[in-house]
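Before any comments, here is the structure.
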Amino acid sequence: MPVLSGAEPFRHEGGEVAVLLCHGFTGSPQSLRPWAEHLAERGLTVSLPLLPGHGTRWEDLRITGWQDWYAEVDRELRLLCERREQVFVAGLSMGGALALRLAAKHGDAVSGVVVVNPANKVHGLAAHALPVVRHFVRSTKGIASDIAKPDSRELGYDRVPLHAAHSLRQFFQTADRELPQVTQPVLLLRSPQDHVVPPADSARILSRISSTDVKEVVLEQSYHVATLDHDADRIFEESVEFIGRLASGFDTEPGLGKEGTTAGG
């Protein structure tokens, strides 16, 4: 199936400091593209891949699992590490969980982690029924576009395939066990009004990681997809400041990215 217009991956060849961005479950790079472009304008090398099964139709997600999604970002991280001096990982929702697992598994190869409304668990009694129900019910209603800003929309699926939701639940369990292995600096940004991921997920993550350099930012004006919401600019600037503090020789002034090259839809 062709990729939906706007859901294409984004890549920018900038300087020696790189950022890998991971989008969320049933979403696409569109939800993080403004963030990616902002980082590119600051001269950073940026990779924002399209996860397998995403950005086309929900039926394509049904035949993928967490191992496929993680393998894609793991491959991108390895490629960045081969080409750049420092690499940061970042993500939204499930993408935040992917970023944290990358940090846990790759250690010193990851210089820092930025997560926005990171997910840690599939909540509710229905989650426990997923192993059985997924064989009888193909999908449930979608979770995309939880945004307070009236004129903003997330490009995501209107249905959630239960096979994929079951795999997502398994991934969260795996990622949660590995959180103590996260020792890098972490910037966590969360929305108190989030209709997809409850505040308990961020609290759980902060209580489990071993990082000593941790900053938590509350996004009062945004819902779940905060990267497309009222607090988007704050996310962008906080992440640039975070990277600038940790990356040697990185100039946070805009305009440096114009010297690089960009690929994407």
Side-chain angles (χ1 to χ4, degrees), residues 20-28 31 49-78 89-107 110 113 115-144 146 156-182 186 188 190 194-210 224:
L20 170 60
L21 294 170
C22 310
H23 70 75
F25 182 64
T26 75
S28 75
S31 62
L50 174 65
L51 301 180
H54 292 76
T56 53
R57 57 178 188 165
W58 71 262
E59 290 89 347
D60 294 331
L61 183 58
R62 187 174 183 268
I63 57 175
T64 67
W66 76 261
Q67 295 89 346
D68 303 304
W69 315 326
Y70 180 76
E72 180 67 18
V73 295
D74 183 81
R75 182 183 68 85
E76 289 289 329
L77 176 61
R78 292 176 188 274
V89 294
L92 167 69
S93 194
M94 178 191 75
L98 290 171
L100 287 162
R101 186 168 198 254
L102 288 171
K105 303 298 283 186
H106 287 270
V110 172
V113 186
V115 289
V116 179
N117 292 323
N120 179 256
K121 183 179 180 180
V122 176
H123 295 267
L125 294 175
H128 300 285
L130 276 173
V132 175
V133 173
R134 65 193 175 101
H135 296 293
F136 303 97
V137 180
R138 295 185 71 198
S139 67
T140 187
K141 65 179 181 178
I143 56 173
D146 183 37
Y157 294 148
D158 59 2
R159 304 294 298 176
V160 175
L162 293 191
H163 275 300
H166 173 64
S167 185
L168 178 67
R169 181 171 180 257
Q170 293 177 318
F171 170 63
F172 286 154
Q173 293 170 342
T174 298
D176 182 74
R177 289 193 297 269
E178 296 168 344
L179 283 175
Q181 299 174 39
V182 177
V186 172
L188 185 148
R190 64 174 182 85
D194 186 328
H195 307 98
V196 178
V197 174
D201 283 31
S202 287
R204 169 76 177 180
I205 289 167
L206 291 175
S207 72
R208 295 274 291 161
I209 59 176
S210 299
H224 182 63

When rounded to the nearest 0.5 Å, the distance separating CG of Leu61 from CH2 of Trp69 is 5.5 Å
* Heavy-atom donor-acceptor pair, Asp68 side chain to Pro52 backbone, under 3.5 Å -> no
Between His23 and Ser31, the two heavy atoms sitting closest are CB-OG, 4.1 Å
Donor-acceptor pair, side chain of Ser28 and main chain of Gly156, under 3.5 angstrom = no
- Between Arg75 and Glu72, is there a salt bridge with N-O shorter than 4.0 Å? yes
Exercise for the section: State, with a plain yes or no, whether a side-chain heavy atom of Arg159 is found less than 4.5 Å away from one of Glu59. Expected result: no
Under the 3.5 angstrom rule, does the side chain of Ser202 hit a backbone N or O of Pro199 as a donor-acceptor pair? no
Separation between CG (Asp60) and CZ (Arg62), nearest 0.5 Å, reads 11.5 Å
Rounding to 0.5 Å, atoms CZ (Arg190) and CG (Leu206) come to a distance of 8.5 Å
On a heavy-atom basis, the closest approach of Ile143 and Phe25 is CD1-O, 4.1 Å
* **Salt-bridge present (Asp176, Arg208; N to O < 4.0 Å)** => yes
Closest heavy-atom pair, Lys105 versus Tyr70, reported as atoms and distance to 0.1 Å, is CG-OH, 3.5 Å
For Val73 and Pro49, the nearest pair of non-hydrogen atoms, with its separation, is CG1-CG, 4.3 Å
d(Leu162 CG, Leu168 CG) to nearest 0.5 Å is 11.5 Å
Heavy atoms of Ser167 and Gln67 approach each other most closely as OG-OE1, 4.3 Å
Arg204 and Asp201 ion-paired at < 4.0 Å
no
With heavy-atom distances below 4.5 Å as the criterion, would you say the side chains of Val122 and Phe171 are in contact? no
Proximity of Trp58 and Tyr157 rings by center, below 6.0 Å: no
Within the 4.5 Å heavy-atom criterion, are Asn120 and Val197 side-chain neighbours or not?
no
Output for pair (Leu20 CG, Arg78 CZ), nearest 0.5 Å, gives 12.5 Å
Interatomic distance, CD1@Ile209 vs CG@Leu188, rounded to 0.5 Å, equals 7.5 Å
Name the atoms and distances for all side-chain donor-acceptor pairs under 3.5 Å in residues 89-102, with sequence neighbours left out.
residue: Ser93; atom: OG; partner: His224; partner atom: NE2; Å: 2.9
residue: Arg101; atom: NE; partner: Glu178; partner atom: OE1; Å: 2.7
residue: Arg101; atom: NH2; partner: Glu178; partner atom: OE2; Å: 3.2

